[in-house]
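Worksheet: the structure to be examined is printed underneath.
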Amino acid sequence: MCSQLKTPLFTALVEHAEKEPIQFHIPGHKKGYGMDSEFREFVGKNALSIDLINIGPLDDLHQPKGIIKQAQDLAAEAFGADYTFFSVQGTSGAIMTMILSVCGPGDKILVPRNVHKSIMSGIIFSGARPIFIHPEVDQNLGISHGITPESVQKALEQHPDTKAVLVINPTYFGVSGDLRKIVDIAHSYQIPVLVDEAHGAHIHFHDALPLSAMQAGADMAATSVHKLGGSMTQSSILNVKKGLVSPERVQTTLSMLTTTSTSYLLLASLDAARRSLATEGQSLLERSIRLAEQTRAQVNEITHLYCMGDEILGTSAIFTMDPTKLLVSVKELGITGYDAEKWLRKRFNIEVEMSDLYNILCIITSGDTEEDVLRLVHALKELADEFKHQADSDIDTNMVLPEIPVLALTPRDAFYSETEIVPFEESAGRIIAEFVMVYPPGIPIFIPGEIITEENLAYTKKNIEAGLPVQGAEDHSFQLLRVIKEHSIN
Ligand SMILES: Cc1ncc(COP(=O)(O)O)c(C=O)c1O
């Protein structure tokens, strides 16, 4: 039997539960008998019987030697990695591990400006100094894409002492840059590439999808199996290639960030999701891609709606895309993506993945049926019909990127500094202690530690006046900003 058909962890848990051991260990609910009865009945006895803990026969995620190690080894083989570490702290935990295992205080790390908050957390915890690169922005859709190999090359020429390059691949919207080229450039400086693969657990398993981090030769990838790979929410993996990073250090760092009460339900779901991806992923994804392409074509026939497709490809930042992501622009209807999300919920009981000012995002997976996508298309036709009378009140997506200010303190030093509140208009020249960003496209105007400039204050004001969603500051009205306290020396 192909070893990928086996599930050493999941199978061992089931076999252990079937032996019906008398449990004098945590969890105290003891197979559900010691918990609220309504919850027990709802969740079911199977799930509760494998909600176990790291007793002898069941291995330990912190020092895996048995069934967890076997499951991780099979995952490494399936994902093309040298080592795979399971995470019960989501991809956020895996991302912080990547950063903390290669960066220490003051070390430089190259990151796209539109990073997820876990990357900033990793930067704050490690004390690293971020060198930001602007991603390419799509003016029509109002979203940001990937970073280009050229911008990585330029940044590394200026900062050859950088300790790591972090890339988001693919983006939330399914777009990938030329990751292989970025890896080649970074490796020519002996610098490891860390990939935020939160939205790419499935891409390794079908040729029509963007290259996975491991296929592109990256050194580490934090991959949300729970998002698009079929495991339970919160379970993720960290894939590692040997060479530029130490797997021992990665294991130690991940362990430092991980609960000692690791959920075996989550771990078992990773084991089973890996089996499914490795043995039937190709055919399941084939179907999802077909369903998504068919839906995309039908949405694009609806007047005033646009569903992004491969016509956007063509630059090194917009190199390949995942067709299972359906990003639908509703801006021609003169409504926001948020309006569309609420309308779809109320009128059709449809829940989208996310919405922003201009778009809604729907994901298609092997869990969807023909009937589901037909209902979506029907609902979108009704939406377009309901709002067509206002179709010319187009929302302006024209975005100019803000200058990246000078970083005077590492985000960590800014986080731990004494701060005070000052009027927005009088804050130029001070060091900011909070984030200010426009979402979408989610690119910060300021991050903690940067020197406030008149230009970026003017940029912030312009965005607020245009009604764009400027977020992040403690004072939502942007009359005040929190800055680092300056001590006068007498
Ligand atoms: C781009 C990106 N990176 C990282 C994460 C964090 O993943 P998790 O929710 O598994 O911690 C997310 C979550 O939405 C994300 O969108």
Side-chain angles (χ1 to χ4, degrees), residues 75 79 84-100 109-125 130 132-133 135-137 143-147 164-177 179 193-203 210 212-213 218 220-239 253-254 257-259 262-263 265-267 269-270 273-274 317 321-322 324-325 327 337 351-356 359-363 365 435 437 439-444 447 471:
F79 282 88
T84 292
F85 300 93
F86 286 177
S87 164
V88 290
Q89 315 275 140
T91 298
S92 298
I95 283 176
M96 290 185 260
T97 301
M98 292 199 297
I99 297 172
L100 284 159
I109 179 168
L110 223 68
V111 284
R113 189 76 178 166
N114 56 326
V115 288
H116 183 258
K117 66 190 263 217
S118 58
I119 296 175
M120 283 318 298
S121 306
I123 287 173
I124 288 174
F125 294 153
F132 287 111
I133 301 183
E136 205 158 293
V137 168
I143 59 171
S144 37
H145 295 302
I147 51 172
V165 174
L166 194 144
V167 184
I168 306 164
N169 184 81
T171 64
Y172 202 174
F173 310 109
V175 175
S176 283
L179 182 60
V193 176
L194 325 181
V195 180
D196 174 349
E197 205 174 48
H199 300 288
H202 57 313
I203 58 176
S212 72
M220 288 198 262
T223 308
S224 291
V225 184
H226 73 89
K227 286 196 171 83
L228 296 167
S231 68
M232 287 174 72
T233 295
Q234 212 174 309
S235 62
S236 287
I237 55 171
L238 174 47
N239 285 324
T253 314
L254 184 60
L257 294 173
T258 298
T259 170
T262 53
S263 161
L265 257 179
L266 298 187
L267 294 172
S269 83
L270 280 173
R274 181 273 313 152
M321 69 166 278
D322 169 4
T324 65
K325 296 290 182 90
L327 182 73
E351 294 291 345
V352 300
E353 161 65 18
M354 73 118 226
S355 63
D356 62 25
N359 313 290
I360 54 168
L361 179 68
C362 296
I363 59 165
T365 73
F435 283 94
M437 65 158 78
Y439 189 90
I443 297 176
I447 63 147
Q471 304 176 355

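The figures here come from the full heavy-atom set of this structure, side chains too, leaving out hydrogens, waters and symmetry mates. Whatever order the structure lists them in is the order used to number ligands and atoms, beginning at 1.
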Item to check | Closest approach of any protein heavy atom to atom 11 (O) of ligand 1, naming residue and atom | outcome: Ser92 OG, 2.5 Å
Next on the checklist: Does only the side chain of Ile95 get under 4.0 Å from ligand 1, or the backbone, or both, or neither? Count heavy atoms.
Outcome noted: side chain
Next on the checklist: Among all the protein's non-hydrogen atoms, which is closest to atom 3 (N) of ligand 1, and how far away is it?
Outcome noted: Asp196 OD2, 2.6 Å
Item to check | Intermediate values then yes/no, side chain to side chain contact (heavy atoms under 4.5 Å, CB included), Thr97 and Thr258 | outcome: CA-CA 10 Å; Thr97 301; Thr258 298; over 6 Å; no
Item to check | Heavy-atom side-chain proximity of Pro135 to Ile443 below 4.5 angstrom | outcome: yes
Checklist outcome for this item: If you compare His199, His116, His226, Met96 by their heavy atoms, the one closest to atom 16 (O) of ligand 1 turns out to be His199
Checklist outcome for this item: Among non-hydrogen protein atoms, atom 13 (C) of ligand 1 lies closest to Lys227 NZ, 2.9 Å
Next on the checklist: Quick check: do Thr84 and Thr223 have side-chain heavy atoms less than 4.5 Å from each other?
Outcome noted: no
Checklist entry - Polar-atom distance check: Ser118 versus ligand 1, any N or O pair below 3.5 Å? => result no
Checklist entry - When you check the side-chain N and O atoms of His202 and Asp322, is any donor under 3.5 Å from an acceptor? => result yes
Item to check | Arg113 vs Phe132, side chain to side chain contact (heavy atoms under 4.5 Å, CB included): CA-CA, chis, key distance, verdict | outcome: CA-CA 5 Å; Arg113 189 76 178 166; Phe132 287 111; 3.0 Å; yes
Next on the checklist: With a heavy-atom distance limit of 4.0 Å, tell me whether Thr91 approaches ligand 1 through its side chain, its backbone, both, or neither.
Outcome noted: both
Item to check | Donor-acceptor pair, side chain of Ser224 and main chain of His226, under 3.5 angstrom | outcome: no
